[in-house]
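Only one structure is covered here, and it is reproduced in the block below.
Only this structure's heavy atoms are used, side chains among them; waters, hydrogens and symmetry mates stay out. All figures in this text were calculated on a predicted structure; none of them were measured in a lab.
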Amino acid sequence: MVMNPIEKESQWPAKPADINNEEAELDRVEVVRLIAQCLEDFGLPQSAESLENESGISALSTSVKVFRQCILAGNWDELENVLESLGKFRSEEDYRNARFVLYRQYYLELLESGQKIEALSSLRKKLEPCCGQREQLKELSLLVICKTPEELRRRAKWNGVESRAEVLRAVQSYIPSSVMLPEKRLQALLRQAMMYQKDSAQYPYTKQSHLSLLEDLEYSNDRIPTVASRVLTKHKDEVWFVQFSHNGKWLVSASKDRTIIVWDVEKLRKSDDQSEAMLYTLEGQEDPLSFLSWSPDDSLLCCGNDKVIRMWSMETGTNVHSLEKHTDRVTACAWLNESSGLVSAGSDRKILFWVEVRGQWQTKDMILVSAQILDMAVARDASKLVTICSDNVIHIYDATTATEISTIKEEDSVMSLCLSVDGVSLLVNMSPVKIAPVIHEWDLTEEKLVQKYSGQRQSRFVIRSCFSGYNQMFVLSGSEDSNVYLWRRKNGSLIASLSGHSRTVNAVSWNPVDPFMFASASDDGTVRIWGSSSAVDSSAEPMNITD
């Protein structure tokens, strides 16, 4: 009589951890198994074998080794016996799911080799008992009519023999890790340790410029950009907006003097002459400018000018389009995920969706709301559009269908917003009437207020904040007290209040490709470029340990 593998004990039964005994926190058997597996992964099988012989501990039991070899070599005739000897599965359902994954591969390989009678027999005797979905079984049976291996692979979305490794990984999810180690388990644990280090020490704002397993990361204030490395003075009046391009190569500033200046970031780094760093000075606006928006590919720059939306080419520095559909002041515009789609909003309570058709821009959709629209943002993947209105309501729309998804009522006057790169988090700057000045961070998925940032001053003017730093781990904001404020997102604590400007700081922008640079714009007529005071090379790109 064959024993049900669900009822069999694993070779290494789980033991309760003694968390009060430091010496017992690391299980010797587990550590040896992990190291032996890692040595195999690194191409050192003899070292792994030597470790197993010396310790008397195997990374994988004999039955698991046979099971892996059976799958990877396609020894399907031995599969049933190997399954029975393998050990405990997580549940009866997992046992059935594992058998289905395995015998589906066997069935498809039989079909590919032209053994249709054997395949149908396997379908009936092996797959049918463990398949819980009749429709899925029907789809598999219809694959018999495929005339070529190429057609079979296409219809089954299957990679032939190459799928065996994927099958092994899928089956592994149904087997307890004590029986069969997950692939590259030690490497995964080390990456988790590095991620913990990275998060807790706020990398790359650390004494070390690179991640290493050999030492703990240490947070360093000197790596935070808190020093004004450049003060740009080419505007003739208050500067109301500033924004880096997506590629980090350009910085654009908009002023009450009705001009837009596009700065070359690399030249700002290298040259002391501001004029050399001025790529374009865009003129011709009839009114002061309070917002700008880069197209996704940074080829176009969009700005509002009274009732007119102007588009400027970054190739030529010329005004290439003027869009006139709004009946009142345009307050915001944002691009969709291609440079041929645009959304604009204004005091006329209209949200207009624009599309470029044969070189001409025209509206394709319109949303009419009940209050004046103060600010707007579109998610990077263009799936979501968010607005704030004069009635203190946050409106969330499906950007593809132009339909409202939900609303969030704020407790006080809203002034501006900023949407995170992933489109999940939203910053809302509040103007105090009932409460002290505060910036709210909302989780739009949960529609939940998750953090408050305080310390800055905001009562009369539109002050803009932004997610900032590496992986947007900080929040940055201007203030009416002429300072720039920087907080940690993790706990809302204030990192720094940076002085330097002499009047209200209206807007801030963090360079999206340089975690050690941001810009601020002020009513004092200047734009300040802030950098790190550390001597460590701040141009080095932080390592992505998930790669």
Side-chain angles (χ1 to χ4, degrees), residues 232 234-235 237-268 274 277-326 329-346 352-356 359-361 375-378 380 382 416 418-419 421 464 466 506-514 517-521 527 529:
L232 310 181
K234 290 299 184 178
H235 281 293
D237 209 329
E238 299 171 359
V239 186
W240 287 354
F241 195 88
V242 66
Q243 186 75 55
F244 282 99
S245 58
H246 298 97
N247 59 21
K249 294 180 179 180
W250 302 313
L251 174 70
V252 63
S253 54
S255 171
K256 187 179 178 181
D257 65 9
R258 299 178 179 82
T259 66
I260 301 168
I261 298 179
V262 182
W263 307 87
D264 186 310
V265 172
E266 190 60 29
K267 290 182 179 179
L268 285 174
Q274 293 184 38
M278 294 171 66
L279 184 65
Y280 300 118
T281 299
L282 311 179
E283 300 177 318
Q285 287 73 222
E286 297 178 2
D287 293 295
L289 295 162
S290 59
F291 75 88
L292 298 159
S293 181
W294 290 97
S295 64
D297 61 3
D298 295 323
S299 64
L300 295 170
L301 185 65
C302 179
C303 66
N305 181 35
D306 195 15
K307 304 174 187 178
V308 181
I309 303 166
R310 295 179 184 269
M311 289 187 193
W312 298 84
S313 167
M314 287 301 99
E315 183 179 356
T316 62
T318 58
N319 180 201
V320 291
H321 297 286
S322 295
L323 314 182
E324 302 183 40
K325 284 284 186 178
H326 283 281
R329 184 173 63 94
V330 180
T331 55
C333 65
W335 294 83
L336 299 176
N337 58 350
E338 297 180 359
S339 297
S340 58
L342 183 74
V343 186
S344 62
L352 299 179
F353 291 77
W354 302 80
V355 63
E356 185 182 22
Q360 299 297 316
W361 287 84
D375 204 357
M376 176 180 63
V378 173
R380 187 70 60 88
S416 64
C418 177
L419 192 60
V421 170
R464 298 184 184 275
C466 68
N506 298 302
V508 289
S509 178
W510 204 285
N511 191 320
V513 299
D514 184 345
M517 174 188 284
F518 74 85
S520 58
V527 173
I529 309 298

Run Val265 and Asp514 through side-chain contact (heavy atoms from CB on, under 4.5 Å) and show every step you take.
CA-CA 11 Å; Val265 172; Asp514 184 345; over 6 Å; no

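- The CZ atom of Arg310 lies 9.0 Å from the CD1 atom of Ile260; values are rounded to the nearest 0.5 Å.
- Legend: residues meeting side-chain contact (heavy atoms from CB on, under 4.5 Å) with Thr281, ordered by chain and number and at least two apart, are Thr259, Ile261, Met278, Glu283.
- Lys325 and Trp354 make their closest contact through CG-CH2, 3.1 Å (heavy atoms, listed as atom of the first residue, atom of the second, distance).
- In this structure, CZ on Arg380 lies 9.5 Å from CG on Leu419, to the nearest 0.5 angstrom.
- Contact detail for Val308 and Val330: the closest heavy-atom pair is N-CG2, 4.3 Å.
- A distance of 6.0 Å separates OG1 in Thr316 from OH in Tyr280, rounded to the nearest 0.5 Å.
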Please walk me through it: do Phe241 and Leu289 pass side-chain contact (heavy atoms from CB on, under 4.5 Å)?
CA-CA 8 Å; Phe241 195 88; Leu289 295 162; over 6 Å; no

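- Between the Asn247 side chain and the Asp298 main chain, no donor and acceptor come within less than 3.5 Å of each other.
- With sequence neighbours excluded, the residues satisfying salt bridge (Lys or Arg N to Asp or Glu O under 4.0 Å) with Asp375 are Arg464.
- Ser313 places no side-chain N or O within donor-acceptor distance of the main-chain N or O of Val320, the cut-off being under 3.5 Å.
- A side chain to side chain contact (heavy atoms under 4.5 Å, CB included) with Ile309 holds for exactly one of Cys303, Cys302, Ser293, Ser322; it is Cys302.
- Ring-plane geometry between His321 and Trp361 is classed as perpendicular, the angle between the planes exceeding 60 degrees on a 0 to 90 degree scale with a lower cut at 30.
- Taking each heavy atom of His246 and Val513 in turn, the nearest pair found is O-CG1, 4.0 Å.
- Between Met314 and Leu282, the closest heavy-atom pair is CE-CD1, 4.4 Å.
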Does the side-chain contact (heavy atoms from CB on, under 4.5 Å) test come out yes or no for Leu336 and Val378, once each step is laid out?
CA-CA 7 Å; Leu336 299 176; Val378 173; 4.1 Å; yes

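- Taken to the nearest 0.5 Å, the CG atom of Leu251 stands 8.5 Å off from the CD atom of Gln243.
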Would you sort out whether Gln274 and Trp263 count as a side-chain contact (heavy atoms from CB on, under 4.5 Å), showing the intermediate values?
CA-CA 9 Å; Gln274 293 184 38; Trp263 307 87; 4.1 Å; yes

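- When all heavy atoms are compared, the tightest approach of Ile529 to Met517 is CG2-CG, 4.1 Å.
- Expressed to the nearest 0.5 Å, how far CG of Asn506 lies from OG of Ser255 amounts to 10.0 Å.
- Here the closest heavy-atom approach between residue Pro512 and residue Phe244 is recorded as CD-CB, 3.7 Å.
- In this view, Glu266 and Arg269, Lys270 satisfy the salt bridge (Lys or Arg N to Asp or Glu O under 4.0 Å) rule, not counting sequence neighbours.
- For the atom pair CH2 of Trp240 and NE2 of His235, the computed distance is 12.5 Å after rounding to the nearest 0.5 Å.
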